[in-house]
Number of protein chains: 2
Amino acid sequence: MTANPSFMSGVPELLVLRLLQDREMYGYEIVAAMAAATGQVVAPKEGVIYPLLHDLEKEGLLKAQRRPAGGRTRVYYTLTSKGVRRLFDLTDDWTRMTRAIQHVLKGPAHAV
Amino acid sequence: MTANPSFMSGVPELLVLRLLQDREMYGYEIVAAMAAATGQVVAPKEGVIYPLLHDLEKEGLLKAQRRPAGGRTRVYYTLTSKGVRRLFDLTDDWTRMTRAIQHVLKGPAHAV
DNA sequence: TTGTATACCTATTTTCTCTAGGTATCAAGT
DNA sequence: ACTTGATACCTAGAGAAAATAGGTATACAA
């Protein structure tokens with residue numbers, strides 16, 4: 001019973017890092033932004049995003065700062081330089097991976 | 001400790017189906033063919049491929065036939081019509097998914 | 001005051017992949 | 001004759017990630 005299609009492994013991490021590259025965001029906002037930016041194609045719920053944010057922070061890829069906003073307290077996340085490096089690495093991996101798969105899907109012309 | 005990069009979820013299934021679309025193959029052959037076709041980028045070991053083949057057969061996506069070949073017995077797999085349909089569906093999913101992600105990675109021009 | 005949206009959180013289950021073995025046959029080398 | 005390496009099949013257990021399915025609390029509108 002998968003709400004999202006397959007091929008999701010590592011994708012939430014990649015997209016969280018990419019979204020935070022543009023500007024700081026808080027968790028609830030990231031959930032909505034990811035769904036919007038991908039046209040609902042990649043739309044992990046809070047149960048995926050919050051634990052992921054905590055892990056990325058523990059790894060030193062994100063910096064979190066609680067800040068009051070409109071009566072509430074929000075937790076804003078920004079990329080660390082380590083996070084930026086990870087984003088580059090993951091983007092590379094993703095590109096190599098999708099190129100390789102695309103190649104196979106197109107084949108077997110490549111073998112001829 | 002991942003031998004393969006991330007973003008792997010569902011990929012072995014997609015590629016097994018795609019490879020078998022071209023011609024029947026046996027398990028050990030598929031392991032080598034997948035590594036070769038992807039330039040070692042996607043190279044799951046036998047411990048991934050064999051259980052996957054058994055699952056796909058149980059689901060009726062593949063048909064298996066044991067056949068002696070060179071003194072040994074090999075298990076050759078072919079796509080069923082259900083398997084062909086699944087390949088189309090997964091290919092669609094994969095295309096939608098990678099397009100959506102590509103879009104986000106390129107952004108935020110898309111939002112402007 | 002009842003409901004809905006916002007905003008945070010976590011425990012458990014499920015689903016895959018990965019690791020790390022094991023068995024058996026055959027060909028080639030020593 | 002013996003060992004090694006390639007071929008060819010298999011599975012059990014560990015590990016990682018996402019999905020599920022909750023829970024808490026505040027603000028605002030009906």
query = What is the distance from atom OH of Y77(A) to atom CG of L56(A), rounded to the nearest 0.5 Å?
reply = 9.0 Å
task = Could you tell me the separation between the CD atom of Q65(A) and the C1' atom of dC8(C), rounded to a whole number of Å?
result = 17 Å
task = Can you run down the ring-ring contact (aromatic ring centres under 6.0 Å, His included) pairs that involve residues 36-74 of chain A, sequence neighbours left out, and say none if there aren't any?
result = none
query = How long is the line joining CD of E57(B) and C1' of dC10(D), in whole Å?
reply = 14 Å
request  = List in chain and number order the residues that pass side-chain hydrogen bond (donor to acceptor under 3.5 Å, both in side chains) with E24(A), two or more places apart in sequence or in another chain; answer none if no residue qualifies.
outcome  = R67(A)
query = Whole-Å distance between dT13(C) P and K45(A) NZ?
reply = 21 Å
message = Could you work out, with salt bridge (charged side-chain N to carboxylate O under 4.0 Å, His left out) as the rule, every residue matching R72(A), not counting sequence neighbours?
response = none
task = Check whether any side-chain nitrogen or oxygen of H54(A) sits under 4.0 Å from OP1 or OP2 of dT10(C), and answer yes or no.
result = yes
task = Calculate the interatomic distance between I30(B) atom CD1 and dC9(D) atom P; express it in whole Å.
result = 9 Å
ask   = Taking only residues two or more places apart in sequence, or in another chain, which ones meet T98(A) in a side chain to side chain contact (heavy atoms under 4.5 Å, CB included)?
value = W94(A), W94(B), T98(B)
ask   = Whole Å only: how far is the CE atom of M25(A) from the C1' atom of dC8(C)?
value = 16 Å
remark   = Rounded to whole Å, the CG-C1' distance (L52(B) to dT15(C)) equals 13 Å
inquiry  = Under the rule for side-chain hydrogen bond (donor to acceptor under 3.5 Å, both in side chains), what residues qualify as partners of Y28(A), not counting sequence neighbours?
reply    = none
Is there any protein nitrogen or oxygen under 3.5 Å from a nitrogen or oxygen in nucleotides 2-7 of chain C, and what are the pairs?
{"residue": "dT6(C)", "atom": "O2", "partner": "R72(A)", "partner atom": "NH1", "Å": "3.1"}
{"residue": "dA7(C)", "atom": "OP1", "partner": "R74(A)", "partner atom": "NE", "Å": "2.7"}
{"residue": "dA7(C)", "atom": "OP1", "partner": "R74(A)", "partner atom": "NH2", "Å": "2.0"}
{"residue": "dA7(C)", "atom": "OP2", "partner": "Y26(A)", "partner atom": "OH", "Å": "2.7"}

message = Please compare E13(B) and P51(A) by the position of their nearest nucleotide in DNA chain C and report the one closer to 5'.
response = P51(A)
message = From CG of D55(A) over to P of dC9(C), roughly how many Å is that when rounded to an integer?
response = 12 Å
task = Consider the side chain of P44(A), meaning its heavy atoms from C-beta on, and name the nucleotide among dA19(D), dC9(D), dA17(D) that approaches it most closely.
result = dA19(D)
note = Ranking dA19(D), dC10(D), dT17(C) by distance to the side chain of Y77(B), first place goes to dC10(D)
key: Modelled atom types, side-chain donor and acceptor of R18(B) and Q21(B), under 3.5 Å   = yes
